[in-house]
Amino acid sequence: MEKYLFDVAIDGQLGFQDAATPVMESLVNFYNYVFIYMTLVMVVVGYMLSTILVHFNAGARLISHKYLTHGTQIEVI
């Protein structure tokens, strides 16, 4: 296939067609980099949230302070 036809959709193609301009190629690369960092942040936040949910159990703590969970209802709202 000739090089100048790479920006044209092909019959039976899975996915999007290739970028026709350097600006669009830059936007696609930017999206890919942002998606990698966003995935990394979501994994770290998910790990922290799951750790907090597992370890923050009022019945499992030996020492319970009456002000430790003060104001949690308003923080959820």
Side-chain angles (χ1 to χ4, degrees):
M1 185 177 268
E2 291 84 21
K3 184 168 177 62
Y4 62 88
L5 293 177
F6 284 161
D7 59 346
V8 179
I10 302 169
D11 291 337
Q13 174 179 340
L14 295 176
F16 295 112
Q17 65 190 36
D18 294 332
T21 62
V23 174
M24 188 62 199
E25 286 181 12
S26 299
L27 286 173
V28 169
N29 289 334
F30 175 71
Y31 168 78
N32 291 335
Y33 291 132
V34 167
F35 191 75
I36 289 171
Y37 289 122
M38 185 175 62
T39 303
L40 179 67
V41 167
M42 287 186 347
V43 166
V44 169
V45 169
Y47 172 75
M48 290 172 33
L49 182 62
S50 65
T51 303
I52 288 171
L53 289 174
V54 167
H55 293 298
F56 190 74
N57 186 359
R61 287 181 289 174
L62 296 176
I63 300 173
S64 180
H65 195 269
K66 66 179 181 177
Y67 297 115
L68 186 62
T69 58
H70 176 72
T72 54
Q73 185 177 9
I74 192 69
E75 290 175 5
V76 169
I77 295 173

*Asks:* Find the distance between CG (Asn32) and CD1 (Ile36) and round it off to the nearest 0.5 Å.
*Replies:*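 That separation rounds to 6.5 Å.
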*Asks:* Measuring from atom OH of Tyr31 to atom CZ of Phe35, what distance do you get when rounded to the nearest 0.5 angstrom?
*Replies:*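 One finds 5.0 Å between OH of Tyr31 and CZ of Phe35.
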*Asks:* In the hydrophobic clustering (ILVMFWY, side-chain contacts below 4.5 Å, transitive), which residues join Val43, or is it alone?
*Replies:*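 Via sub-4.5 Å side-chain contacts, Val43 links to none.
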*Asks:* Residues in side-chain contact (heavy atoms from CB on, under 4.5 Å) with Met48, at least two apart?
*Replies:*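 In terms of side-chain contact (heavy atoms from CB on, under 4.5 Å), with neighbours along the sequence ignored, Met48 is linked to Val44.
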